[in-house]
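Positions are given from 1, in the same order as the sequence printed here.
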Amino acid sequence: MLYHLFDYIDNAFDFPGAGVFRYISFRAGMAAMVSLIITISFGKAMINWIQRKQIGETVRDLGLEGQNEKKGTPTMGGLMMIAAIIFPTLLFADIYNVYIILLLVSVVWLGGIGFLDDYIKVFRKNKEGLAGKFKIIGQVGIGIIVGATLFFHDDVVVREFQNPVSIEEGLVETPAFKDVKDMKTTIPFMKNNELNYENFLGFLGEDFTPYLYILLVIFIITAVSNGANITDGIDGLAAGTSAIIGLAIAIFAYISGNAIFSQYLNIMFIPNSGELVIFCAAFLGACVGFLWYNSYPAQVFMGDTGSLMLGGVIAVLCLTLRKELLIPVLCGIFVIENVSVILQVSYFKYTRKKYGEGRRIFRMSPLHHHYQKGGIPESKIVTRFWIVGILLAIITLATLKLR
């Protein structure tokens, strides 16, 4: 909103300083600052309100050290994260940008699914929460919206340049280009690293390509959303990991939206994707601000309201930036946590059927509980997972220079 207001003031009255709102870096910095202010300044008031409403965490007895102390800790703190993402984005981003609209819809949609789950657990006293099939239906719904928009919307294009920009030789010129409606994506760690879904899936027939692409989008959003939800098991783990991922995505968004940098680093240039930097800044500010209260020992939990939203939004960001094939590395923590649960459950069922008793690969799943059972302090587990997350983000960003 402020972006459009100051753009009008600058054009109509040539007001000194109004033009600064045209700079993505300025608006991103403001979005991050406002997001931090919302979470840190108003976070305590929200925690007190949650406590007055007796919205506390119900803890199942899993035999984990320090688990009983967490009983009654305020939950549904994801509401403050949602507010800290939406308001700065509305203030500083171009709200008519198709990518911004898509991400705001994703935040509200996935946050709403998580809120229903938390509401049933807390107010209805049903520990099972929202039935799994309804969660899946909700995730499929947003997957269809995202997939159909990316595939069919006229503003979702990539730019192909005819005259490459050369920075090393000191030559910077505006090359000839054309914007094409093309479903390309990035193949990580490969030279000439582009894959066109229309060509890749085209052998099945052009009529099936949109449906197959939408199915892929549904799978990615569901997997990453559930991965973040599973990761949110100990203080600060999901929020900190999401902040690391969000920072890496912000770098990709800035480069993907800059014609010179994208060509120099051989990154696909996506028109209008630079606005995603503002959203990523708000996302990063919300995660870091939430850690102020969620770090060990946590004063508030995000609940499914926050965790389902975080994972889903990360998936949508990767899809809009054509970096979804980087998710197994960039979101490696979420993937590992997901896989640990799948392996544990599958092996338990297999051994019970074959030997008459279920056996386990890990002491407990998800993986962070395996280390807790091994006697490692919760804070140390979180720190080590963050370190792994940082290394995975660095590896992902290393693909920027692969040419």
Side-chain angles (χ1 to χ4, degrees), residues 3 22-28 89 92-94 96-103 146-147 149-200 213 217 220 245-281 283 314-327 329-330 393 396-403:
Y3 167 72
R22 294 180 180 177
Y23 294 99
I24 287 175
S25 55
F26 173 78
R27 288 187 285 135
T89 302
F92 299 106
D94 178 2
Y96 299 115
N97 183 290
V98 61
Y99 301 121
I100 294 297
I101 294 171
L102 202 56
L103 281 158
V146 172
T149 302
L150 293 177
F151 197 94
F152 293 110
H153 200 284
D154 291 336
D155 290 342
V156 180
V157 295
V158 295
R159 182 164 295 178
E160 295 181 350
F161 294 94
Q162 297 173 0
N163 300 320
V165 173
S166 175
I167 293 179
E168 293 174 338
E169 297 175 4
L171 175 64
V172 178
E173 61 181 34
T174 303
F177 64 85
K178 60 178 179 178
D179 291 342
V180 295
K181 183 66 183 169
D182 214 342
M183 295 312 300
K184 291 180 180 179
T185 191
T186 304
I187 305 175
F189 312 112
M190 289 185 67
K191 191 175 181 179
N192 301 320
N193 56 350
E194 291 183 358
L195 169 70
N196 193 318
Y197 284 118
E198 292 175 325
N199 295 335
F200 182 69
Y213 176 75
V217 171
I220 291 171
I245 296 170
L247 178 60
I249 293 175
I251 295 171
F252 276 119
Y254 186 80
I255 294 170
S256 296
N258 186 292
I260 295 174
F261 290 159
S262 62
Q263 281 208 85
Y264 176 65
L265 294 168
N266 199 30
I267 297 294
M268 190 185 307
F269 178 70
I270 305 170
N272 303 315
S273 65
E275 289 296 314
L276 293 176
V277 179
I278 288 91
F279 181 90
C280 289
F283 179 90
I314 286 170
V316 176
L317 280 167
C318 290
L319 285 160
T320 56
L321 292 168
R322 317 293 179 105
K323 299 294 183 288
E324 65 270 20
L325 298 184
L326 287 170
I327 286 176
V329 180
L330 180 60
T396 306
L397 291 170
T399 61
L400 285 171
K401 195 54 183 169
L402 289 177
R403 307 184 69 174

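- Rounded to the nearest 0.5 Å, atoms CZ (Phe26) and CD1 (Ile278) are 11.0 Å apart.
- The structure places CG of Leu319 at 9.5 Å from CG of Leu325, a figure rounded to the nearest 0.5 Å.
- Taking each heavy atom of Leu103 and Leu276 in turn, the nearest pair found is CD1-CD2, 3.1 Å.
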What do the steps show when you test Ser256 against Lys323 for side-chain contact (heavy atoms from CB on, under 4.5 Å), and what is the final call?
CA-CA 10 Å; Ser256 296; Lys323 299 294 183 288; 3.9 Å; yes
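- A search for side chain to side chain donor-acceptor pair (under 3.5 Å) contacts involving Ser273 returns nothing, not counting sequence neighbours.
- Of the inter-residue distances, the one linking Thr186 atom OG1 with Phe252 atom CZ reads 8.0 Å to the nearest 0.5 angstrom.
- Checked against side chain to side chain donor-acceptor pair (under 3.5 Å), Asp182 has the following partners two or more places apart in sequence or in another chain: Asn196.
- In this structure a side-chain-to-backbone donor-acceptor pair under 3.5 Å is present from Thr185 to Arg322.
- Between Leu247 atom CG and Leu397 atom CG the span is 8.0 Å, to the nearest 0.5 Å.
- Here the closest non-hydrogen pair linking Ala393 and Leu330 is CA-CD1, 4.2 Å.
- Nearest approach of Phe92 to Arg27, heavy atoms of both residues: O-NH1, 2.8 Å.
- The 12-atom threshold is exceeded at CZ of Phe269, counting heavy atoms of other residues, nucleotides or ligands nearer than 6.0 Å.
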